There are 2 protein chains.
Amino acid sequence: MIAQQLCYNRSETFRGEQAQHKSMARRHNIDGRPTIAQIARIAGVSVPTVSKVLNGRADVSLPTREKVERIIEEYGFVRNRAARALRKGKTGLVDLLLPRLDDEYYLPILEGVAQVLREAGLRLVLTATDYKSEEEVRWITTVTDHSTDGILVVLPSERAIEQLERSGLPFVLIHNQGGLQAMAPSVRITSWEGGFVATTYLLRLGHQRIAYIGKTSPARDAIERIAGYRAALDAAGLPLRPELECDGDFTEASGYQATLRLLELPEPPTAIFAGNDRQAAGVYRALHERGLAVPEQMSVVGFDNLPYTEIMNPPLTTIHAPRLELGRTAATMLLRLINGEQLEMPRVVLPTHLVERQSCCPPRQHQG
Amino acid sequence: MIAQQLCYNRSETFRGEQAQHKSMARRHNIDGRPTIAQIARIAGVSVPTVSKVLNGRADVSLPTREKVERIIEEYGFVRNRAARALRKGKTGLVDLLLPRLDDEYYLPILEGVAQVLREAGLRLVLTATDYKSEEEVRWITTVTDHSTDGILVVLPSERAIEQLERSGLPFVLIHNQGGLQAMAPSVRITSWEGGFVATTYLLRLGHQRIAYIGKTSPARDAIERIAGYRAALDAAGLPLRPELECDGDFTEASGYQATLRLLELPEPPTAIFAGNDRQAAGVYRALHERGLAVPEQMSVVGFDNLPYTEIMNPPLTTIHAPRLELGRTAATMLLRLINGEQLEMPRVVLPTHLVERQSCCPPRQHQG
DNA sequence: TTTCTTCTAGAAAACGATTTCGATTTCTTT
DNA sequence: AAAGAAATCGAAATCGTTTTCTAGAAGAAA
């Protein structure tokens with residue numbers, strides 16, 4: 001083990017290949033990377049001709065084209081993006097602003113954006129704002145410098161949206177919290193419907209006392225979820241019981257706390273709609289600690305359909321939030337805007353749906 | 001719910017603020033975004049003077065500076081990055097190549113890189129290669145176009161490294177698979193030691209029959225883990241039993257399969273070192289299906305310390321892979337290289353450590 | 001052969017910043 | 001008051017590409 005360690009830590013100064021490469025370039029009489037001008041000189045043509053070859057223009061004869069292409073290949077020429085961007089006014093870059101990077105919730109969104117961008121030959125600049133709107137505004141200012149052709153913002157603050165609208169840069173909002181008045185292009189999910197469906201599902205199983213966790217968050221998606229929950233109860237002719245609507249800031253810990261409180265109620269619920277999957281994990285932990293079995297003694301429904309819900313024990317029934325599509329849709333819309341096209345559907349809402357697994361069953365008879 | 005839907009789907013054509021903004025700009029007699037030249041004209045100074053103000057140069061008098069700053073503020077001027085990049089030869093961008101985006105394993109690496117880059121005022125360009133080395137090479141070619149000041153590659157292929165070395169661009173490798181001969185700057189973790197520590201921990205608890213899952217993967221980290229496992233058994237004077245070294249490609253499914261096979265052995269193991277946390281999740285599932293309790297009837301150790309291991313039931317004892325530090329260290333090294341400095345420690349290895357939770361206990365007496 | 005198209009190719013002007021360096025102006029110093 | 005030093009500012013070149021726009025060559029039609 002010690003030998004291993006020594007081997008690992010062997011300190012060998014790394015001298016970049018830069019030096020090596022430069023000398024190789026010198027042999028070809030080129031300082032550093034070749035430019036279009038160098039290539040043109042070597043090929044015995046003019047600079048615009050090389051540019052035309054590079055851009056696949058028609059007004060270049062076949063022999064000339066082939067000669068230039070050969071030289072380009074031989075010298076491994078790649079054109080300088082900065083110069084190109086300067087001239088064309090497009091950078092080929094798109095910015096994505098995320099509240100956090102260490103939250104796996106956003107991962108599929110990122111993935112979706114990356115997919116679409118890659119198909120379009122654009123590259124993705126990633127920025128985390130840490131939920132601070134100052135950071136957000138600061139970055140949007142930075143971004144306004146034409147370093148990027150457009151911008152996607154997840155969970156944008158009001159200020160960020162204003163800044164964005166003022167900037168004139170194409171942008172699309174993901175999970176926009178904003179009021180209904182905002183006409184900015186955005187993509188969201190049917191959180192209300194999700195809450196409604198989750199609750200209705202539990203009602204159909206026969207549950208009468210259903211708790212909701214996650215009352216604390218002021219986020220729009222959270223508000224809609226609880227609204228959906230209430231609407232479902234109402235539609236079923238059941239009264240709303242304040243004691244069953246628990247605080248919760250969408251963390252595992254708050255799911256745990258809320259569950260403990262629910263279990264101390266004179267009449268505990270027979271089912272819990274956890275608001276999101278992280279809180280559902282906390283619910284599981286509390287139930288396990290108290291020796292209650294899921295779903296026999298307590299049905300649980302989550303929201304989001306994070307990857308780990310599949311390997312929870314028992315696998316969690318949850319509402320699927322189409323996060324990959326969120327990213328793909330937003331990116332596709334942004335591409336249109338960048339292209340100067342108009343959006344006939346500027347505000348898109350993607351449907352959620354129930355993923356039935358094994359955390360729910362009808363309530364036991366002696367209850368209620 | 002129908003009303004809700006209608007509201008969501010209301011189709012309102014979005015006409016970009018671009019048009020609006022342009023007219024506002026026209027009022028100020030500016031076409032589109034102001035340039036340094038515009039600002040200079042308005043402020044009644046020369047272009048270089050504005051540039052000097054922007055760059056905080058000393059040779060500008062206070063009144064001039066203040067006047068220019070006022071105009072800049074008033075017109076919301078931000079300089080064009082492309083022009084700046086062209087002139088300075090630096091783009092302020094760093095590339096990060098990841099094998100996949102939908103794998104939460106890489107998330108903390110990404111986070112670490114982003115942190116360091118943000119502190120340095122650089123921005124992060126993210127690219128996924130989908131484990132395809134052609135993609136990797138293609139992107140590295142793309143990246144050579146000076147669009148980026150440096151590049152970080154996670155799990156680089158041999159070809160990618162060659163390409164990188166040829167490019168002359170500063171780069172740092174993360175989780176380099178390569179042979180020991182490669183002198184390229186890289187950051188890795190002590191996988192061998194992790195395997196050794198995990199196995200030793202089980203041995204100390206009294207286990208004699210310890211299985212390992214994950215023999216299939218050719219990745220260097222996988223090879224080191226099993227090597228560490230064998231070394232620990234060897235150090236304890238125990239024989240290596242081939243039937244306890246299971247295939248496994250580091251997916252949940254393969255952990256599940258391997259466990260089922262292990263349980264069918266005439267003498268099943270009393271502990272399983274799962275190779276990684278995903279496989280450990282599969283182990284849990286198989287054990288649960290067979291009605292075996294963790295840790296009473298089977299101890300389990302994972303590797304990586306993914307977030308969900310904490311909420312597994314019981315919480316998983318695992319080897320922590322310092323992924324955030326992996327990202328931070330690599331980014332810090334790259335910054336040095338970009339700065340033209342030399343690395344006195346070009347090949348860094350970060351330590352792993354055991355995170356003791358509740359998935360292990362001494363074996364039951366009647367076993368072995 | 002002449003004239004009119006159609007192809008090719010290149011000269012020159014952008015794109016918007018930074019940098020160099022020389023020309024003023026202002027301030028010290030004697 | 002004159003000379004030298006220091007501070008301030010701007011003209012022009014530059015980064016590497018793309019985009020006119022024009023000139024000449026080649027081919028077609030008369």
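The chains referred to below are lettered A, B, ... by the order of the sequence lines, with proteins before strands, and numbering in each begins at 1. All of these numbers come straight from a predicted model, not from anything done at the bench.
A distance of 8.0 Å separates CD in Glu165(A) from CD in Glu162(A), rounded to the nearest 0.5 Å. Between the CG atom in Leu334(B) and the CG atom in Leu152(B) there is a gap of 4.5 Å [rounded to 0.5 Å].
Comparing dT17(D), dG10(C), dT19(C) by their closest approach to the side chain of Lys88(B) singles out dT19(C). Side-chain proximity of Thr35(A) to dG10(D), dA13(D), dG16(D): nearest is dG16(D). Taking every side-chain heavy atom of Asn80(A) into account, dG16(D) is the closest of dT19(C), dC9(D), dG16(D). You'll find that the side chain of Ala83(A) is closest to dG16(D), out of dG16(D), dA11(D), dA12(C). Nearest nucleotide to the side chain of Asp59(B), out of dA11(C), dT17(D), dC9(D): dC9(D). Checking dT8(C), dC9(D), dC15(D) against the side-chain heavy atoms of Leu86(B) singles out dC15(D) as nearest. Distance from the side chain of Arg84(A) is smallest to dT18(D) among dC9(D), dA17(C), dT18(D). The side chain of Val47(A) lies closest to dT18(D) when the candidates are dG10(C), dA9(C), dT18(D). Closest to the side chain of Thr64(B), out of dG10(C), dT19(C), dC9(D), is dC9(D).
In this structure, the NZ atom of Lys90(A) is 21 Å from the P atom of dT17(D), given to the nearest Å. Computed from coordinates, the Arg41(B) CZ to dA17(C) C1' distance equals 17 Å when rounded to whole Å. The distance between atom CG of Leu62(B) and atom P of dT26(C), rounded to the nearest whole Å, is 17 Å. Rounded to whole angstrom, the span from the NZ atom of Lys52(A) across to the P atom of dG16(D) amounts to 21 Å. Nucleotide dC15(D) holds its P atom 10 Å from the CD atom of Gln38(A), rounded to whole Å.
Interface remark: the Arg87(A) side chain does not form any donor-acceptor pair with the dT17(D) base, using a distance-only criterion of under 3.5 Å. For Arg79(B) against dA17(C), no side-chain N or O and base N or O form a donor-acceptor pair under 3.5 Å.
The heavy-atom pair separating Val113(B) from Gly327(B) by the smallest distance is CG2-O, 3.5 Å.
Within a 6.0 Å sphere centred on CZ of Arg65(B), other residues, nucleotides and ligands contribute more than 12 heavy atoms.
Heavy atoms of Val50(A) sit nowhere under 4.0 angstrom from any nucleic acid atom. If you check every strand for non-hydrogen atoms under 4.0 Å, Arg57(B) touches sugar and phosphate atoms only.
A close approach under 4.0 Å does occur between a side-chain nitrogen or oxygen of Thr49(A) and OP1 or OP2 of dG10(C). When the side-chain nitrogen and oxygen atoms of Asn55(A) are compared with OP1 and OP2 of dT18(D), one or more of them lie within a distance under 4.0 Å. Note on Ser61(B): a side-chain N or O is less than 4.0 Å away from OP1 or OP2 of dC9(D). Taking 4.0 angstrom as the limit, Ser51(A) places a side-chain polar atom (N or O) nearer than this to OP1 or OP2 of dT18(D).
Mapped onto DNA chain D by nearest heavy atom, Ile36(A) and Val60(B) fall at different nucleotides, with Val60(B) at the one closer to the 5' end.
Side-chain contact between Pro185(A) and Leu337(A) is present, with heavy atoms from C-beta onward closer than 4.5 Å.
Taking 4.0 Å as the cut-off between side-chain N and carboxylate O, Arg100(A) and Asp102(A) count as a salt-bridged pair.
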